[in-house]
Amino acid sequence: MVKAIVGANWGDEGKGKITDMLAEQSDVVVRFQGGANAGHTIINSYGRFALHTLPSGVFFPHVTNVIGNGVALDIGKLVDELEQLTGQGVPAPKVMVSDRAQLLMPYHILQDTYEEARLGGRAFGSTKSGIAPFYSDKYAKTGIQVCDLFDEPRLRERLTAAVELKNVLFQHLYHQPCADAGQIFAQLLELRERIAPYVGDTVTFLHQALKEGKSVLLEGQLGSMKDPDLGIFPMTTSSHTLAGYGCVGASVPPTAIQDVICVTKAYSSCVGAQTEPFISELTGPEGDELRRRGGDHGEFGATTGRPRRVGWFDVVATRYGCMVQGATQAALTCLDVLGYLDTIPVCTSYEIDGIVTDRFPTTPALLRARPVFTQLPGWRCDIRGCTDYDALPANARAYVDFLEAHIGVPITMVSTGPKREEMAYRTPDL
Ligand code: GDP
């Protein structure tokens, strides 16, 4: 059976911790979309890790970690990450890379960087890791698959054609030096040696694993709001962040996904451009305080170190985010962070052009939305590390009940700290 762990919001919900916990009970953990542009933070007995490409099952020797065909594969980054892991004392994990995955090329990163510079103030807040050009090329059919690395004449032909196109942009739009196909070809042959031991037919592997009754965990990156179809377009990423895409990006039957765990934080955080609508945002000194207290060492991007925008829990966005994921249960993270507050505002609806709505709108309307808050009493104490749900202060439990009733998805796990064991399991009331 297949379980998916995905984000209900803007990403950084704490999926890494939940995946790390659930990976232990899984046979296979799969990354099915995105690239090295976001990171999961995992804190376990080996130390603190920010994983960008590797699935979160790498800490368990029994888990096969699959990089699915839907991933934007930066081979150099993947191999570096593996070396870093073993360098920090983690036993070499079982890793399998899809022979159908496509390669994130140096010219994707350059294009991303040049385009952000060209856009200036209108930029989308890209991490400049080449993700948008990568997926554009995939759908324009000029991308290069891992399997192409093992057919040199084909690789050279496809690479030459791709570079020809890029160079028109580089020279005439961006006024930058041309990319050199010959040089990239040589680099790719070197990278091929590094990746070869891991390459395989992950499609057949996964279907076979499911036939044998193995448990497969799909690990999503980012969250619902970043999906190019159902998120806040165009402030989205370029691959689908929804559990449903796992059927394609990992290749598992749609009917095999039985459980979709949507991760959401007890408050909101969002990275990316300042122009992105973030309705429940908290700015000024109060925002600075929440950012400083958030996560395990403040709300700063795991990959970029950029300060994250923070805000109160947004019921409208989260209910929508859970709906489009098809959530069967929700995990609420970072509840411990809110212990310093007397009252906790929760955004329960939006006011758009004088009309109050609890339905998540399309981008033009979202840009005009104002938050409507409900005030809930805080609990004013440190609950960090609490593992017994019933031992939480009554106001903390009431806060969870309130969110659950509003998002309409059973909250089964309440995380009370960044460490794996800091988790209170809950029997939902719904
Ligand atoms: P992901 O991309 O969804 O995995 O999220 P990140 O790992 O980027 O961000 C979540 C941050 O919150 C990380 O710094 C985690 O270590 C931290 N974190 C996760 N769960 C909790 C929690 O329950 N409490 C606190 N204080 N921090 C948490």
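Just so you know, ligand 1 is whichever comes first in the structure, and atom 1 is the first atom listed for that ligand. Basis for what follows: all heavy atoms, side chains included, without hydrogens, waters or symmetry-related copies.
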For [X] and ligand 1, does the shortest N/O to N/O distance drop below 3.5 Å?
X: Lys265; value: no
X: His297; value: no
X: Glu13; value: yes
X: Asp336; value: yes
X: Ile43; value: no
X: Gly11; value: no
X: Gly16; value: yes

Original post:
Are side-chain heavy atoms of Met235 and Pro277 found at a separation under 4.5 Å?
Top reply: yes

Original post:
Only one of Asp314, Asp358, Thr357 clears side chain to side chain donor-acceptor pair (under 3.5 Å) with Tyr350; which?
Top reply: Asp314

Is ligand 1 under 4.0 Å from a heavy atom in the side chain of [X], in the backbone, in both, or in neither?
X: Val337; answer: side chain
X: Asp12; answer: both
X: Arg308; answer: side chain

Original post:
Counting distance only, does the side-chain N/O of Asn69 pair as donor-acceptor with the main-chain N or O of Ala101 below 3.5 Å?
Top reply: no

**OP:** Say whether Thr333 and Lys17, considering side chains only, have a donor N or O and an acceptor N or O under 3.5 Å apart.
**Re:** no

**OP:** Taking the six-membered ring for Trp and the full ring for Phe, Tyr or His, determine whether the centres of Phe49 and Phe59 are under 6.0 Å apart.
**Re:** yes

Subject >> Residue Arg397 excluded, over 12 heavy atoms near CZ under 6.0 Å >> reply: yes

Original post:
Among Leu51, Val29, Asp20, which one satisfies side chain to side chain contact (heavy atoms under 4.5 Å, CB included) with Val58?
Top reply: Leu51

